[in-house]
Trainee: 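Please see the structure below; I have some questions.
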Amino acid sequence: AFSSSQKLIQHIHKVNKLFYDRSFPTPEKPEILIIDNASTDGTHEEIQKYINSGVIKYFNTGENLGGAGGFAYGIKKAYKMGFKYIWLMD
């Protein structure tokens, strides 16, 4: 995410609702990996409660790698961590 904290929070809520809604049972607890592409809008602070609660795993690239660079970083990280599915959001 690069400067999109409010949109990101909305999507965190939607993904969690989808997986915890009784009408969509799943045997696995969802894992959400967030790659922060050096945002400057307070993304880390805005999602800190989700990081602390374990709802998401958070990594910051340290510098803005551009859209494609941020996606590549995230895909590599997700692959190495064994994620089955990847959804990219810009």
Trainee: Could you work out, with side-chain contact (heavy atoms from CB on, under 4.5 Å) as the rule, every residue matching Lys49, not counting sequence neighbours?
Mentor: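 Here no residue qualifies.
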
Trainee: Is there a donor-acceptor contact under 3.5 Å linking the side chains of Thr61 and Asn37?
Mentor: yes

Trainee: How long is the span from the CG atom in Asp41 to the CD atom in Gln6, to the nearest 0.5 Å?
Mentor: 8.0 Å

Trainee: So which atom in Gly62 and which in Ala38 form the shortest heavy-atom distance, rounded to 0.1 Å?
Mentor: C-CB, 4.2 Å

Trainee: Take Ile51 and His44 through the side-chain contact (heavy atoms from CB on, under 4.5 Å) test and state the conclusion after the steps.
Mentor: CA-CA 9 Å; Ile51 297 167; His44 185 260; 3.9 Å; yes

Trainee: Check for me, please, whether Ile86 and Ile35 land in the same ILVMFWY cluster - side-chain distances under 4.5 Å, paths through other members count.
Mentor: no

Trainee: Do Tyr85 and Ile75 belong to the same hydrophobic cluster, where Ile, Leu, Val, Met, Phe, Trp and Tyr are linked whenever their side-chain heavy atoms lie under 4.5 Å apart, directly or via other members?
Mentor: no

Trainee: So do Met81 and Phe59 actually touch side chain to side chain, heavy atoms under 4.5 Å?
Mentor: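 Answer yes - side chains close enough.
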
Trainee: Measuring from Tyr58:OH to Asn52:CG, what's the distance to the nearest 0.5 Å?
Mentor: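 Taking OH in Tyr58 and CG in Asn52, the distance rounds to 12.5 Å.
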
Trainee: Between CD1 of Ile34 and NE2 of His11, what distance do you get to the nearest 0.5 Å?
Mentor: 11.0 Å

Trainee: To the nearest 0.5 Å, how far apart are OG in Ser39 and CG in Asn64?
Mentor: 9.0 Å

Trainee: For residues Leu33 and Lys77, determine if any side-chain heavy atom of one lies less than 4.5 Å from a side-chain heavy atom of the other.
Mentor: yes

Trainee: With clusters defined by side-chain heavy atoms of hydrophobic residues (ILVMFWY) lying less than 4.5 Å apart, directly or transitively, does Phe83 cluster with Tyr73?
Mentor: yes

Trainee: Identify, with sequence neighbours excluded, every residue that meets side-chain contact (heavy atoms from CB on, under 4.5 Å) alongside Tyr50.
Mentor: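 Once residues adjacent in sequence are excluded, the partners of Tyr50 under the side-chain contact (heavy atoms from CB on, under 4.5 Å) criterion are Ile9, Ile12, His13, Ile47, Val55, Ile56.
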
